[in-house]
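First the structure, in the form of structure tokens, and then the observations on it.
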There are 2 protein chains.
Amino acid sequence: MELLNAAEYLAALGHESRLSIFRLLVQAGEEGLSAGVIGEQLGLAPATLSFHLSHLARTGLIFGRQQSRFIFYSVDYAVIDTLFAFLLEDCCQGKACLPKTGAVGGAKSRRRMVRAGAAGRPA
Amino acid sequence: MELLNAAEYLAALGHESRLSIFRLLVQAGEEGLSAGVIGEQLGLAPATLSFHLSHLARTGLIFGRQQSRFIFYSVDYAVIDTLFAFLLEDCCQGKACLPKTGAVGGAKSRRRMVRAGAAGRPA
DNA sequence: CTTATATTTCGATAATAATGGAAATATGGA
DNA sequence: TCCATATTTCCATTATTATCGAAATATAAG
């Protein structure tokens, strides 16, 4: 994954409506949801919804399949997986930085096992 | 994590320069990097760099600690961890959707074990 | 106290993104 | 064919974000 692709994915998700759409689709699974159902759930005007759906689809986070008069959108889980790995590539100098996700970014080197200084969070 | 917070984190990461900064800091670990070093690595004008650093810090993805004349920025790994979990909350209807990250979103219910239809990716 | 270095704030400008009404397109059913 | 439904495209408007020079602030060193 290239940096610019990753930034596009993140920017696509970094909007209230699109993130809501994405999460609905994550929960809907492979089957997906039709545009109409999504719009109904989120109360978005058709044009606005379509704008966000095509934004998400153009970047590659979701894809649609036509079925009769409806278009069912689903998330591409593989893209998310790759995105997560990219974000934490060579992370945390080999330490376990992510309790919930476990070993995520380990795709590459994990070099630079340097002793780190204090890093408490100030005001 | 609230939806709006998550959207802010993602929007913050959804910009070439900020994502570059974030990844530098991920790789730098707890010790972090000074603003100057970051700016040098990425070739950003001081004002631009500062704009992005405070954007990232304001949202909470990174934090700075002053040390002598320098300010060292580091990522807050816990926030990222929570963000990943939020993105995949109740994901994929119990299936293993994320090979690299393993069981990520499992914080909540994992209900709706519905049989899903085909979802091949069309043009 | 003066100078040098590190970083931020200010302010103006430029660029990009979001919104939604209205019209267009596509699909299926009567 | 004609109508209803689902979704998208077009277009204009509004809102938000990014950029960076110049000035301000902060910290340390001579």
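Since this is a predicted model, take the numbers as computed values, not measurements. Side-chain atoms are counted along with the backbone in the values below, which use heavy atoms only and exclude waters and symmetry mates.
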Show every ring pair (Phe, Tyr, Trp, His ring centres under 6.0 Å) that has at least one partner inside residues 11-30 of chain B, sequence neighbours left out. H15(B)-H52(B)

Rounded off to whole Å, could you give me the [atom1]-to-[atom2] distance for the [X] and [N] pair?
| X | N | atom1 | atom2 | answer |
| --- | --- | --- | --- | --- |
| L53(B) | dT19(D) | CG | C1' | 15 Å |
| E16(A) | dA15(D) | CD | P | 17 Å |
| F51(A) | dA15(D) | CZ | P | 16 Å |
| H52(B) | dA18(D) | NE2 | P | 6 Å |

Assert: residue with more 5' nearest nucleotide on DNA chain C, out of G14(A) and Y73(B), is Y73(B)

So what does F72(A) hit on the nucleic acid, given a heavy-atom distance under 4.0 Å: a base, only sugar-phosphate, or nothing? nothing

Residues at least two apart in sequence or cross-chain that pass side chain to side chain donor-acceptor pair (under 3.5 Å) with Q67(A), listed by chain then number, are R65(A)

List in numerical order all residues of residues 34-42 of chain A for which some heavy atom is under 4.0 Å away from an atom belonging to DNA chain D. S34(A), A35(A), G36(A)

Those residues at least two apart in sequence (or on a different chain) that pass side-chain contact (heavy atoms from CB on, under 4.5 Å) with A6(B) are L19(A), M1(B), L83(B), F86(B)

Under the salt bridge (Lys or Arg N to Asp or Glu O under 4.0 Å) test, residues paired with R18(B) that sit two or more places apart: none

Report whether L49(A) and F51(A) are members of the same hydrophobic cluster (ILVMFWY, side-chain heavy atoms less than 4.5 Å apart, transitive linking). no

Can you name the closest pair of heavy atoms from [X] and [Y] and give their distance?
| X | Y | value |
| --- | --- | --- |
| S74(A) | G32(A) | OG-CA, 3.6 Å |
| Y73(B) | A35(B) | CE1-CB, 4.2 Å |
| G60(B) | D76(B) | O-CB, 3.8 Å |

Carefully, step by step, assess L56(A) and L25(A) under the rule side-chain contact (heavy atoms from CB on, under 4.5 Å). CA-CA 11 Å; L56(A) 287 166; L25(A) 293 180; 5.8 Å; no

First and last nucleotide of DNA chain C in contact with chain A, 5' to 3', at under 4.0 Å to a heavy atom: what are they? dA18(C) to dG28(C)

With a 3.5 Å cut-off and sequence neighbours excluded, list the donor-acceptor pairs that the side chains of residues 37-48 of chain A form with protein atoms.
none

Let me confirm one number: the CG-CZ distance from L87(A) to F84(B), rounded to the nearest 0.5 Å. 4.5 Å

Taking atom CD of Q27(B) and atom CG of L88(A), what is their separation to the nearest 0.5 Å? 10.0 Å

Of the residues in residues 4-11 of chain B, which ones touch DNA chain C at a heavy-atom distance under 4.0 Å? none

For DNA chain C, determine which residues of residues 43-50 of chain B have any heavy atom closer than 4.0 angstrom to one of its atoms, and list them numerically. P46(B), A47(B), S50(B)

Hey, mind stepping through E16(B) and L3(A) against side-chain contact (heavy atoms from CB on, under 4.5 Å) and telling me if it holds? CA-CA 7 Å; E16(B) 182 179 4; L3(A) 188 110; 3.6 Å; yes

Taking only nitrogen or oxygen atoms into account, show me every contact under 3.5 Å that the protein makes with nucleotides 26-30 of chain D, one pair per line with its distance.
none

Residues joined to F72(B) in its hydrophobic cluster, side chain to side chain under 4.5 Å directly or through other members, sorted by chain and number, are F70(B)

Using the side-chain contact (heavy atoms from CB on, under 4.5 Å) rule, take L61(B) and V75(B) through it: C-alpha gap first, then chi angles, then the decisive distance, then the call. CA-CA 6 Å; L61(B) 284 163; V75(B) 313; over 6 Å; no

side-chain hydrogen bond (donor to acceptor under 3.5 Å, both in side chains): pairs with one or both residues in residues 1-14 of chain A, sequence neighbours excluded: none

